[in-house]
Number of protein chains: 2
Amino acid sequence: MGDSVVTPGIAEKALDPNEALGPQIKRILVQRILTNVLRPGERLSENELSASLGVSRQPVRDALIRLGEAGLVRALPQRGTEVTRIDLQSVDSGRFLREAAELAVIREAALRSKPSAIKTMEQIVSAQERAVKQEDHAAFLSLDDELHFTFAASIGHGDVWRTLQNVKLQMDRVRYLSLPDATPGKLLIQQHKAIIRALNARDPDSAQTAMREHLSELLSSLPRLVRKLPDYFDGSASA
Amino acid sequence: MGDSVVTPGIAEKALDPNEALGPQIKRILVQRILTNVLRPGERLSENELSASLGVSRQPVRDALIRLGEAGLVRALPQRGTEVTRIDLQSVDSGRFLREAAELAVIREAALRSKPSAIKTMEQIVSAQERAVKQEDHAAFLSLDDELHFTFAASIGHGDVWRTLQNVKLQMDRVRYLSLPDATPGKLLIQQHKAIIRALNARDPDSAQTAMREHLSELLSSLPRLVRKLPDYFDGSASA
DNA sequence: TTATGGATACTAGTATCCAATAATTGCTCG
DNA sequence: CGAGCAATTATTGGATACTAGTATCCATAA
């Protein structure tokens with residue numbers, strides 16, 4: 001059963017003693033959860049983690065608290081801390097919220113983003129084309145984040161994208177699972193180009209239309225995944 | 001001088017040893033920050049807090065980590081933990097995000113919320129009228145939350161409102177500060193009624209218009225506050 | 001006025017405890 | 001052979017005491 005769904009590729013850097021350990025460990029665990037090295041339902045032990053990371057329990061607890069606030073993990077008293085299953089309800093609400101936010105952002109951006117910001121966007125998309133050619137999934141996804149952040153930043157609301165991060169984490173879990181049969185990068189790039197074209201044309205309506213179409217792609221493979229990996233999900237129509 | 005801007009009114013319940021202490025302490029500190037018992041820039045000491053609450057440092061650190069994730073507090077290495085000043089930039093981005101979300105919610109609600117949900121909304125507004133008569137600010141604000149949650153819940157996206165909580169915390173800080181010269185409750189209630197009227201009429205456009213007008217009221221006193229209490233804010237045009 | 005040095009206070013992290021409880025294991029008894 | 005019970009183990013939540021490193025404040029001296 002070779003369903004190791006993931007292309008890790010992300011190096012695990014050693015811990016930097018000059019930076020607080022808690023946030024560093026959080027990032028490591030976020031990576032492991034997103035890439036399904038740690039799978040939904042799996043149980044984590046504070047002692048095990050602290051031993052394997054070579055730190056005490058304290059910073060591990062710090063990290064687990066943060067993960068709990070982000071909804072990636074849940075503490076079960078006297079039993080352990082388990083990786084949450086992907087809650088379909090909150091994925092859907094996340095999609096709703098993100099769509100509302102991004103549509104509002106892109107409308108504003110069409111009205112008043114500066115040409116220099118649009119230039120940046122075009123460069124990011126070019127970089128994405130290179131990433132697709134080299135089949136570098138990780139780089140592609142990270143550029144995708146950067147592009148959407150730039151949309152928000154171009155109207156002075158980078159903070160909006162930042163506060164959507166926790167919401168996006170849940171969507172990203174789905175996204176990493178779908179990497180094998182994801183929407184082809186070429187199509188996503190075309191959609192990005194369509195959005196930027198609308199910005200250049202200062203046409204808010206078609207910018208929104210293009211964005212809406214783009215976002216509808218993001219979770220397109222979700223139903224297939226739920227059928228293939230029911231144990232990873234929660235709140236599905238399992239009845 | 002006598003700028004204790006607050007009507008506390010919120011009893012501080014004793015700690016319940018059957019529930020994890022960290023989240024409880026977080027709630028207590030959130031209340032103190034929102035009500036300006038703890039003021040922006042003020043420094044918290046883990047030792048002091050643990051002594052005054054009668055617990056060890058561990059659950060206090062737990063609470064401070066959570067507050068840090070919510071952006072209400074910032075750890076200064078080797079110095080202390082300070083209550084963040086209210087960042088005008090993130091308040092504005094919060095407003096933007098919330099407006100985008102609530103406009104999308106209310107449009108959907110006009111299209112497909114169930115009559116029973118609308119009934120609930122009407123009851124909440126009635127309760128608000130009673131709260132205004134009794135000048136019970138705390139109850140009014142809490143009913144306000146409940147109403148907006150019900151808007152989202154009526155289209156099955158209660159989670160949206162839940163994920164907006166952290167954003168709303170920053171806006172709430174402003175809100176509590178403005179209690180003295182806030183928008184009169186009667187006006188807010190009229191706006192609520194206008195929104196619900198539009199839902200009953202299944203008219204998404206006027207629902208959105210009414211909501212937009214309502215939300216624009218929320219931060220109306222912000223500029224005045226920034227002038228009166230510049231120390232509480234960050235990123236203002238102080239130059 | 002400026003610099004220096006010391007006292008102080010603070011978080012970050014480590015290392016051990018203890019308490020309560022869920023899960024598991026193994027034993028006993030029918 | 002199976003059911004029920006008791007002991008064991010592993011877990012988080014919490015408490016306590018300690019070290020390290022650093023920022024801050026203040027008095028004193030040049």
Side-chain angles (χ1 to χ4, degrees), chain A residues 12-30 32-33 38-85 231, chain B residues 12-30 32-33 38-85 231:
Chain A
E12 202 130 291
K13 299 150 299 201
L15 292 174
D16 172 5
N18 288 13
E19 196 193 336
L21 295 180
Q24 291 186 74
I25 296 172
K26 177 195 169 186
R27 284 199 295 273
I28 290 175
L29 293 180
V30 165
R32 289 191 190 168
I33 292 174
L38 297 174
R39 303 202 311 290
E42 188 162 345
R43 281 221 309 242
L44 308 179
S45 153
E46 293 180 359
N47 280 320
E48 229 172 87
L49 283 173
S50 59
S52 76
L53 293 170
V55 298
S56 73
R57 266 179 70 196
Q58 178 60 39
V60 171
R61 292 183 73 166
D62 182 318
L64 291 180
I65 291 168
R66 292 174 203 272
L67 288 177
E69 292 282 304
L72 291 181
V73 126
R74 188 169 51 131
L76 308 175
Q78 285 72 50
R79 273 189 292 162
T81 300
E82 69 170 26
V83 178
T84 56
R85 290 166 211 283
D231 286 357
Chain B
E12 201 131 292
K13 298 149 301 200
L15 292 174
D16 171 6
N18 288 13
E19 195 193 337
L21 295 180
Q24 291 185 74
I25 295 172
K26 177 195 170 186
R27 285 198 295 273
I28 290 175
L29 294 179
V30 165
R32 289 191 190 169
I33 292 174
L38 297 174
R39 303 203 311 288
E42 188 163 345
R43 280 224 307 247
L44 308 179
S45 153
E46 293 181 0
N47 281 319
E48 226 173 88
L49 283 173
S50 59
S52 77
L53 292 169
V55 299
S56 76
R57 270 179 58 203
Q58 178 60 40
V60 171
R61 292 185 72 167
D62 182 318
L64 291 180
I65 291 168
R66 291 173 203 272
L67 287 176
E69 291 283 304
L72 291 180
V73 126
R74 187 169 53 129
L76 308 175
Q78 283 71 52
R79 271 192 295 164
T81 300
E82 71 171 23
V83 178
T84 56
R85 288 168 211 284
D231 285 356

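Reminder, nothing fancy here: chain letters follow the sequence lines and each chain counts from 1. It should be emphasised that the depicted structure is a prediction, and the values quoted were computed from it without experimental measurement.
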Practice item. Rounded off to whole Å, could you give me the CG-to-C1' distance for the B:L21 and D:dT12 pair? Key: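 So the two atoms are 13 Å apart, to the nearest Å.
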
Practice item. Would you kindly give the CG-to-C1' distance between B:N18 and D:dT12, to the nearest whole Å? Key: 15 Å

Would you say the side chain of [Y] lies within less than 4.5 Å of the side chain of [X], judging by non-hydrogen atoms?
| X | Y | value |
| --- | --- | --- |
| B:L49 | B:I25 | no |
| A:L21 | A:D62 | no |
| A:Q58 | B:R61 | yes |

Check your understanding: Looking at B:R43 and B:E82, does any basic side-chain N land under 4.0 Å from a carboxylate oxygen?
Key -> no

Review point. Is B:R32 salt-bridged to B:E42, going by a charged N under 4.0 Å from an acidic O?
Key: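 So B:R32 does not pair with B:E42 through a salt bridge.
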
Check your understanding: Contact class for A:R57 (heavy atom, under 4.0 Å): base, sugar-phosphate, or nothing?
Key ->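 Base contact - A:R57 has a heavy atom under 4.0 Å of at least one base atom.
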
Point to revise | Range on DNA chain C touched by chain B - first to last nucleotide, heavy-atom distance under 4.0 Å | key: C:dC10 to C:dG13

Practice item. Strictly below 4.0 Å, heavy-atom distances to any atom of DNA chain C: list the hits from residues 58-81 of chain A, or just say none. Key: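 Result for residues 58-81 of chain A: A:Q58, A:P59, A:Q78, A:R79, sorted by number.
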
Practice item. Report the C-alpha distance between B:K26 and A:E69 in whole Å, list the side-chain angles of each, state the deciding distance to 0.1 Å, and finish with yes or no for salt bridge (Lys or Arg N to Asp or Glu O under 4.0 Å). Key: CA-CA 12 Å; B:K26 177 195 170 186; A:E69 292 282 304; 3.7 Å; yes

Check your understanding: Could you state the interatomic distance from CZ (A:R27) to CZ (A:R66), rounded to the nearest 0.5 Å?
Key -> 10.0 Å

Exercise for review: Of all the heavy-atom pairs spanning A:V73 and A:L64, show the shortest one and how long it is.
Suggested key: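 What the structure gives for the nearest pair is CG1-O, 3.9 Å.
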
